[in-house]
Amino acid sequence: MNQDTEKGKNADVNWYKNVWKVVSEIPPGHVLTYGEVARLSGNPGWARRVSQALRRAPRKMKLPWHRVINSQGKISFPEDSSGWTRQKDLLEDEGVIFLNGKINLERFGYRGAVDRLLWGEEIL
DNA sequence: GCGCTGACCGCCA
DNA sequence: CTGGCGGCCAGCG
């Protein structure tokens, strides 16, 4: 198998795929931050590229891009943009609650999902 | 080939 | 809580 031979430009495309896969694995009703997606895809600190990867993702994949938000627990689009409204609508449809325009990451975030597995629904 | 921008993050004041 | 600064890489004029 080639492990070192796939370095270079191929690694970038591979990473894009990885990002898309990670995003597609996000269960409904939960969200991930850009930093977490970058970390889970094996490249901590590449949060900025995650946004570009999502933007360049083909629509065919039906990627749940709306489940990716920023570390502040807020939607990264400008509040007056159509994307912001679209994303908020999609998330609310999955049961995600917006509190004053922000999402409680302790409850809907990745860590919240882990805690829920360990502690149940005691997180309220 | 250079420089700025971007669905960002984390740290610090 | 807000704002500013540096860092990250790809894309575009």
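Bear in mind that the values here come from a model prediction, so they are computed numbers and not experimental data. Note that these values count all heavy atoms, side chains included, but never hydrogens, waters or copies made by symmetry.
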Distance, rounded to the nearest Å, where A:Y34 contributes OH and B:dG6 contributes P:
14 Å
Tell whether A:R49 reaches the base of C:dC9 with its side chain through a donor-acceptor pair below 3.5 angstrom.
no
To the nearest angstrom, how far is A:E79 atom CD from B:dA7 atom C1'?
15 Å
Which value, rounded to the nearest 0.5 Å, describes the distance between A:T33 atom OG1 and A:I103 atom CD1?
11.0 Å
Sorted by number, the residues of residues 50-65 of chain A with heavy-atom contact under 4.0 Å to DNA chain C:
A:Q52, A:R56
Separation of B:dC8 P from A:R39 CZ (nearest whole Å):
17 Å
Locate the shortest heavy-atom distance separating A:L91 from A:R67; write the atom from each residue and the value.
CD2-CA, 4.1 Å
Roughly how far, to the nearest 0.5 Å, is CD of A:Q52 from CH2 of A:W46?
11.5 Å
In whole Å, I'd like the distance from the CD1 atom of A:I26 to the C1' atom of B:dA7.
14 Å
Taking 4.0 Å as the cut-off, does a side-chain nitrogen or oxygen of A:K74 come that near to OP1 or OP2 on B:dC9?
no
Please give, in whole Å, the distance from B:dG6 C1' to A:F77 CZ?
12 Å
Rounded to the nearest Å, what distance is computed from the CD atom of residue A:Q72 to the P atom of nucleotide B:dA7?
15 Å
Measure the spacing between CD of A:E36 and CG of A:L105 and express it to the nearest 0.5 Å.
7.5 Å
In the strands shown, is B:dG6 matched to any nucleotide by a Watson-Crick or G-U wobble pair with both distances under 3.5 Å, and which?
C:dC9
Donor-acceptor contact below 3.5 Å, side chain A:W20 vs main chain A:A53:
yes
Could you measure the distance from the CZ atom of A:R39 to the CG atom of A:L32? Nearest 0.5 Å is fine.
10.5 Å
So what does A:K88 hit on the nucleic acid, given a heavy-atom distance under 4.0 Å: a base, only sugar-phosphate, or nothing?
nothing
Whole-Å distance separating the CG atom of A:N43 from the P atom of C:dC8
13 Å
What is the distance, to the nearest angstrom, from the CG atom on A:L90 to the P atom on B:dA7?
18 Å
Which one, C:dC1, B:dG10, B:dC8, comes nearest to the side chain of A:N70?
B:dC8
A:D89 CG to A:W84 CH2 distance, which is reported to the nearest 0.5 Å:
10.5 Å
Any A:S71 side-chain N or O less than 4.0 Å from OP1/OP2 of B:dC8:
no
From the candidates B:dG10, B:dC9, B:dC8, the one with an atom nearest any side-chain atom of A:T33 is B:dC9
